[in-house]
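Data block below; observations after.
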2 protein chains.
Amino acid sequence: MGVSLKDVAQRAGVSIKTVSNVVNNYQHVTPAMRTKVQQAIDELGYRPNLTARHLRKGRTGIIALAVPEFGNPYFAELAGAVIDAAARHDYTVLVDHTAGLREKELLVSQGFRSHVIDGLILSPIHLETEDLMARTETAPLVLLGEREYEAPYDHIAIDNVAAARAAVCHLVGQGNRRIAFLGSRTGRERQPAHLRLRGWREELAAAGITPDESLVVVTDGYGREDGAAGMAQLLDRADRPDAVFAYNDLIAIGAMRTITERGLRIPDDIAVVGFDDIEESRYTTTTLTTIAPDKEAIARLAVDSLVEQLAGTPVAEPRRPRPGYRLVVRESTTPGPDSGHTEDL
Amino acid sequence: MGVSLKDVAQRAGVSIKTVSNVVNNYQHVTPAMRTKVQQAIDELGYRPNLTARHLRKGRTGIIALAVPEFGNPYFAELAGAVIDAAARHDYTVLVDHTAGLREKELLVSQGFRSHVIDGLILSPIHLETEDLMARTETAPLVLLGEREYEAPYDHIAIDNVAAARAAVCHLVGQGNRRIAFLGSRTGRERQPAHLRLRGWREELAAAGITPDESLVVVTDGYGREDGAAGMAQLLDRADRPDAVFAYNDLIAIGAMRTITERGLRIPDDIAVVGFDDIEESRYTTTTLTTIAPDKEAIARLAVDSLVEQLAGTPVAEPRRPRPGYRLVVRESTTPGPDSGHTEDL
DNA sequence: CTGAAAGCGCTAACAT
DNA sequence: ATGTTAGCGCTTTCAG
């Protein structure tokens with residue numbers, strides 16, 4: 001095995017405690033002692049064994065992040081932000097992906113690496129409130145994403161209804177009337193996409209347009225291919241929409257591909273709005289208008305929540321902070337040169 | 001603190017060892033004893049403390065993955081593959097990003113969470129052989145990526161020279177002659193992009209074309225914006241190229257954007273080939289021809305290398321396995337309908 | 001300001 | 001087949 005405190009102590013001719021003091025930068029150590037010990041440390045190439053420290057302290061300095069998949073740039077970009085936010089609190093990040101499988105989400109929420117992670121940030125898709133209520137694992141948990149839960153956990157998410165309304169409002173403002181919603185899930189309340197769908201309904205109604213439920217398209221998943229397939233479905237029908245509000249950017253990008261392949265123009269024939277503002281949406285041939293959630297804020301709030309809970313701050317009520325978002329207007333909704341216009345919301 | 005083995009033992013009226021046996025599924029335990037202990041475990045809600053186990057065993061079951069940034073889908077997709085490969089060996093993955101900063105790469109290679117990770121998979125950009133030789137950390141390290149090192153560590157990378165040649169060969173086969181290389185770094189040998197650039201030179205020479213070094217464009221980084229800027233530089237000059245081989249897909253995508261903005265057509269005016277086969281390249285308006293490294297193989301080989309080293313398999317020589325890659329031909333190099341053609345290489 | 005000893009929760013010898 | 005005991009390397013009282 002490696003070099004331990006004991007070895008260093010022996011070498012320096014002092015006690016273990018003294019070495020520990022030096023390693024941990026404790027106050028009351030004479031400079032002479034410090035240099036002596038430091039020398040022994042250097043000579044032996046001592047590295048503190050964090051595992052031992054963790055066992056002793058009951059803390060590891062590791063938090064876990066579990067998202068559906070890193071293939072979705074939104075989650076990849078978010079992961080980067082979480083790593084940075086965690087680093088500012090001297091935390092390291094363990095990652096896992098759930099593939100959006102309830103089983104995997106359950107597993108992760110129940111006890112991912114029991115006792116090795118201090119807390120968990122989870123972005124669930126199929127987990128239910130009951131699952132969360134049945135949770136026995138005691139490590140703090142913070143939820144991310146669009147799903148709503150009646151469970152006693154902090155939940156970080158932008159105001160999805162309002163954001164969706166802003167997107168639809170923009171579309172209506174551009175003169176569109178038949179606005180499809182692409183990327184819904186099946187009928188149950190509380191399903192993913194529920195809030196964005198609600199925003200779609202509310203804003204249409206507010207604009208005096210009766211929401212046409214036949215324009216709500218269910219997709220199998222949340223990827224580009226799902227958006228492409230969903231769009232094809234829409235275009236195969238008689239009365240095509242003049243705009244599409246997609247659940248996320250990947251679906252929007254898939255939809256744009258289908259639209260283009262069919263020889264239709266964006267936004268002239270069909271306008272498109274996405275959700276996430278992944279970097280890719282700034283480089284599609286027709287750049288994509290989208291809702292841009294403040295990923296840094298989301299990451300920061302999530303990590304802060306964990307850090308507070310770990311500091312033992314008693315959390316009376318689960319908190320639901322609302323990070324900001326912007327509507328970023330690009331070519332996919334504005335004929336002519338890109339306005340590059342952004343609305344803070 | 002939580003429930004420990006001792007608590008369970010007490011509750012079940014047996015010794016600690018017996019509980020440990022049950023928890024670890026040891027052979028010789030009577031069924032009666034097993035159920036009795038299991039009941040106590042359930043009643044108390046016991047979860048083994050992995051930290052303690054790790055301390056005892058000197059292993060944590062955690063490996064680290066450090067890449068430049070997760071904003072590049074190639075690394076995000078690779079991370080997903082690494083997580084899966086690691087899971088098959090019951091390993092969990094700790095992640096960090098280096099932002100391509102030598103300082104950060106150095107820090108990570110030196111001792112990322114000393115003793116809490118069993119091994120490290122690192123994809124360096126600016127690290128030098130000397131840095132690696134000076135490494136004191138004893139945890140196994142596996143290198144990823146295009147850089148070459150004369151250091152005693154396993155290195156997993158496709159044959160970048162051959163892959164680049166395949167890309168350029170394809171371009172030449174399509175009738176292109178003035179083929180630019182987009183995404184080089186400054187002159188030093190061994191710099192990133194060195195191998196792909198060499199492939200470009202070799203293949204051109206083999207095709208009887210004298211490599212025009214003025215067509216080698218240095219970019220600031222590896223993102224879409226760098227590709228866009230580099231392409232603009234190329235097009236601002238008198239004699240424009242008829243094709244571009246980009247260091248990676250992001251640069252290629254940025255280049256395509258500039259080409260389109262200038263009113264030029266792809267591939268008729270300028271053909272484009274990328275490198276990485278990120279999913280996005282299948283959905284750009286003009287889909288992107290690219291080199292597709294076998295990410296699953298890369299991830300698997302990297303994790304396998306670590307696992308072997310951890311199993312104590314004496315590694316005489318550093319190994320350089322060569323995972324496969326394919327040339328995926330798409331619209332950006334083939335006029336008319338997409339051939340969808342793929343060449344395994 | 002420094003030393004001695006206890007113990008975090010677990011596993012691995014060794015006993016029985 | 002089950003029990004006892006000794007650490008893994010560290011931090012933390014408690015003395016000195």
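Just so you know, these numbers use all the heavy atoms, side chains as well, and skip hydrogens, waters and symmetry mates. In the text below, chain A, chain B and the rest are named by the order of the sequence lines, each starting its count at 1. Predicted, not measured: the structure shown is a model, and the values here were computed from it.
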Next item on the list: Round to the nearest Å and state the distance from B:H115 atom NE2 to D:dT11 atom P.
Entry: 12 Å
Note to self: How many whole angstroms separate atom CG of B:L55 from atom P of D:dA6?
What the structure shows: 18 Å
Next item on the list: Look at A:S20 and D:dT11 and indicate whether a side-chain polar atom (N or O) is within less than 4.0 Å of OP1 or OP2.
Entry: yes
Just list the side-chain donor-acceptor pairs under 3.5 Å for residues 78-89 of chain B, sequence neighbours left out, or say none.
residue: B:D84; atom: OD1; partner: A:H97; partner atom: NE2; Å: 2.8
residue: B:H89; atom: NE2; partner: B:D304; partner atom: OD1; Å: 3.1

Checklist line | Taking every non-hydrogen atom, the tightest pair across A:Y153 and A:R320 | finding: O-NH2, 3.3 Å
Checklist line | Nearest-nucleotide comparison on DNA chain D, the residue closer to the 5′ end among B:T30 and A:N21 | finding: B:T30
Check: Are A:R319 and A:E308 ion-paired here, with the side-chain N under 4.0 Å from a carboxylate O?
Finding: yes
Checklist line | Under 4.0 angstrom between A:N49 side-chain N/O and D:dC8 OP1 or OP2 | finding: no
Notebook entry, point to check: Thinking salt bridges, do A:E128 and A:R147 make one under a 4.0 Å N-O criterion?
Noted result: yes
Notebook entry, point to check: Shortest non-hydrogen contact from A:V303 to A:I121?
Noted result: CG2-CD1, 4.1 Å
Checklist line | Contacts of type side chain to side chain contact (heavy atoms under 4.5 Å, CB included), residue B:S109, not counting sequence neighbours | finding: B:L122, B:L127
Check: In residues 5-18 of chain A, which ones come under 4.0 Å of DNA chain D, going by heavy atoms?
Finding: A:L5, A:I16, A:K17
Margin query: Please report the distance, rounded to the nearest Å, between CZ in B:R59 and P in C:dT11.
Written below: 15 Å
Checklist line | Interatomic distance where CG belongs to B:N24 and C1' belongs to C:dA12 [whole Å] | finding: 11 Å
Checklist line | A:A12 versus A:V37, closest heavy-atom pair with distance | finding: CB-CA, 4.4 Å
Item checked: Helical bend (five base pairs per end, nearest 10°) for the helix from C:dC1-D:dG16 to C:dT16-D:dA1 -> 40°
Note to self: Checking A:A157 now: which residues fulfil side chain to side chain contact (heavy atoms under 4.5 Å, CB included) with it, not counting sequence neighbours?
What the structure shows: A:H155, A:N160, A:R322
Margin query: Taking salt bridge (Lys or Arg N to Asp or Glu O under 4.0 Å) as the definition, give me every residue that meets it alongside A:E77, ordered by chain and number, with sequence neighbours left out.
Written below: A:K295
Next item on the list: Could you tell me the separation between the CZ atom of B:R47 and the C1' atom of C:dC10, rounded to a whole number of Å?
Entry: 16 Å
Checklist line | Rounded interatomic separation in angstrom, taking CZ from B:R56 and C1' from C:dT11 | finding: 5 Å
Margin query: Measure CG/A:L50 against P/D:dG9 and give the value in whole Å, please.
Written below: 13 Å
